[in-house]
Amino acid sequence: MKPPAPSAEAPQVKALRCTSCAAPIELRAPDVTERVACSYCGSVLDARDPELAILQKFDRQVRYQPLIPLGRRGQVRGETMEAIGMQRRRVTVEGVNYEWSEYLLWNPYKGFRFLAEYNGHWNYIRTTKEQPKVKADSSGECCEYLGKTFRHFQTASASTVLVVGEFNWEVRVGETAKVTDFVCPPLILSREYLSSELTWSLGEYLSPESVWEAFKLPGHPRETTGVAPTQPWAYEERYQERKQLWPLACAAVFCLHVFFMLIVNAGTTAHSQHFTVSPGDVEKTKLTDVFELKGRTCDVSVRIGTNLQNSWAYFNMALINEETNVALDFGREVSFYDGHDSDGYWSEGDRNDECFLPSVPPGRYYLLMEPEPANVSVAWDVSIERDVTMHRHLFLALIVLCIPGFWLWYRRRSFEYQRWLESDHPMEPLVKFGGGDDDD
Amino acid sequence: MTKDRFYLAFAVAVMMLYLTAQLRGWTFTDVDEVKEVPRTVRDNPGSYRQHYAAHYHYIGGK
């Protein structure tokens with residue numbers, strides 16, 4: 001809405017008193033004001049009429065205290081603006097009324113702006129110079145403007161329920177406009193059809209604290225409720241950065257793992273030996289020959305390959321240091337079953353097993369093995385290897401690296417879910433509880 | 001330089017932990033350390049009594 005050019009003859013207002021209730025009325029922009037609403041009785045008067053003809057009158061006293069007092073000046077986005085009017089507007093969606101305030105701001109050099117307030121959230125709005133391009137996408141309409149794509153948020157009929165102060169259009173209580181909002185946070189594009197007039201406006205989210213500071217309002221702004229359509233997420237920048245850092249961190253861990261696998265923990269077989277045990281054996285506990293684990297403290301792999309067939313065996317084992325007489329006791333179970341049934345061949349378990357002993361210092365060792373049960377007949381090969389790369393560490397590191405990014409993603413999604421909750425396109429919740437039909 | 005210093009520090013910490021785990025040979029195997037194993041075990045292995053009690057007998061198969 002462009003500010004109209006100053007008329008050749010400024011309208012002469014003879015009486016600056018409300019024609020309905022005689023309350024004082026101050027016209028701050030007399031050259032451009034078309035309607036003025038009395039802040040005491042709510043009557044809407046024709047500002048162009050020297051006699052201030054009453055256009056709308058209300059039986060009851062209407063008093064509404066705007067958050068920004070009319071006549072107050074403030075510095076918003078580098079522009080000094082004066083609040084000259086305020087209207088309350090309402091949309092009704094599925095029987096629920098949603099109301100917000102729109103403050104008309106005026107600067108004789110900059111023209112008109114609006115400040116819209118809803119649930120404690122603020123948007124600074126101006127009419128657009130060009131008409132945005134409206135396109136259809138998978139979710140309905142969208143807009144392109146200033147190189148950005150604005151998604152359709154809501155289409156509703158907005159009616160004016162209260163007016164206070166001055167307006168540069170023929171405002172009426174009860175007038176209804178079809179309003180369509182498109183958002184690209186922190187920006188909003190609004191398309192408004194009022195009578196036969198089409199208006200496009202571009203708004204930007206303002207924090208409540210910045211509005212309070214701009215107009216030097218007393219106290220603190222009220223708490224915001226919910227997430228506004230244009231409210232930016234406080235951690236958006238951090239989320240985008242983390243999205244870039246995460247694959248780099250994973251790649252770094254992966255490269256480290258390959259380095260370990262190929263060079264540092266290349267794996268060296270320290271000893272291997274074959275054993276058999278039968279039910280008739282007097283001594284079932286077997287010992288390997290003494291072997292040496294060289295180098296640094298590292299993990300040791302003990303691999304067992306058996307000939308079990310439809311049977312199981314439990315190996316009680318101990319890796320004993322011949323010099324220090326310190327033993328690492330552990331146990332491993334091996335079982336293998338197979339057969340044929342109506343579905344064909346099946347098998348369960350594995351004849352082979354491998355376990356990793358942690359932080360074994362270098363030295364001379366032997367491995368003690370005692371298979372159970374006592375009546376088992378089994379032959380097995382045991383192989384001891386040191387400096388084995390643990391692949392599980394890589395997977396764990398990758399999972400842990402994902403956690404902070406996943407947490408931010410979840411927070412962001414929750415924020416967006418709240419944002420779109422009151423729109424025409426609400427998001428699906430991540431987790432649904434209940435559901436299903438009740439059987440009567 | 002990234003502003004997400006928390007994640008940078010977190011990633012470095014995870015990598016240091018990974019490096020330490022690989023270099024020191026940390027694993028998840030449950031072992032019991034027993035000190036002062038008698039030297040006579042080499043001559044009489046059956047005399048060694050396992051301290052590892054946290055095992056169970058599994059009987060599998062169809």
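Just so it is clear: chains get the letters A, B, ... in the order the sequence lines come, proteins before strands, and each one is counted from 1.
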Task: Name of the residue among K243(A), R411(A), R412(A) meeting salt bridge (charged side-chain N to carboxylate O under 4.0 Å, His left out) with E236(A) - done: R412(A)

- [ ] Go through the atoms of L408(A) and report whether side chain, backbone, both or neither lie under 4.5 Å from a heavy atom of chain B.
- [x] neither

TODO: Please flag which part of L401(A) lies under 4.5 Å from any non-hydrogen atom of chain B: side chain, backbone, both or neither.
DONE: both

Open item on the list: Please classify the contact of Q244(A) with chain B as side chain, backbone, both or neither, using a heavy-atom distance under 4.5 Å.
Closed with: neither

Task: Enclosure of Y235(A) OH (heavy-atom neighbours >12, cutoff 6.0 Å) - done: no

Task: Interatomic distance, M390(A) atom CE to F395(A) atom CZ [nearest 0.5 angstrom] - done: 11.0 Å

Open item on the list: Report which part of T288(A) has an atom under 4.5 Å of a heavy atom belonging to chain B: side chain, backbone, both, or neither.
Closed with: backbone

TODO: Name the member of G349(A), C298(A), S347(A), P373(A) that forms the most heavy-atom pairs with chain B at distances under 4.5 Å.
DONE: C298(A)

Task: I320(A), part contacting chain B, at a heavy-atom distance under 4.5 Å - done: side chain

Task: Contact leader toward chain B among R392(A), R296(A), K286(A), E322(A), where contacts are heavy-atom pairs under 4.5 Å - done: R296(A)

Task: H391(A) ring center within less than 6.0 Å of H257(A) ring center - done: yes

TODO: Examine R42(B) relative to Y366(A) and say whether NZ or CZ is less than 6.0 Å from the centre of the six-membered ring and inside a 45° cone about the ring axis.
DONE: yes

Task: Sidechain-backbone polar pair: D299(A) side chain, V388(A) backbone, donor-acceptor under 3.5 Å - done: yes

Open item on the list: Strictly distance-based, threshold 3.5 Å: is any side-chain N or O of D338(A) a donor or acceptor partner for the main-chain N or O of Y345(A)?
Closed with: no

- [ ] Considering only heavy atoms and a distance below 4.5 Å, find which of R242(A), E283(A), R238(A) pairs most often with chain B.
- [x] R242(A)

Task: chain B contact via F356(A) - side chain, backbone, both or neither, heavy atoms under 4.5 Å - done: both

TODO: For the pair E370(A) and K284(A), find out whether any cationic side-chain nitrogen is under 4.0 Å from an anionic carboxylate oxygen.
DONE: no

Open item on the list: Please rank T29(B), L19(B), V12(B) by heavy-atom pairs under 4.5 Å with chain A and give me the top one.
Closed with: T29(B)

Task: Proximal component of R386(A), with respect to chain B [non-hydrogen, under 4.5 Å] - done: neither

Task: Contact check, side chains of E372(A) and F315(A), non-hydrogen atoms, under 4.5 Å - done: no

- [ ] Determine the option with the most heavy-atom pairs under 4.5 angstrom with chain B, choosing from T324(A), L248(A), L287(A), L319(A).
- [x] L287(A)

Open item on the list: Please classify the contact of L17(B) with chain A as side chain, backbone, both or neither, using a heavy-atom distance under 4.5 Å.
Closed with: neither

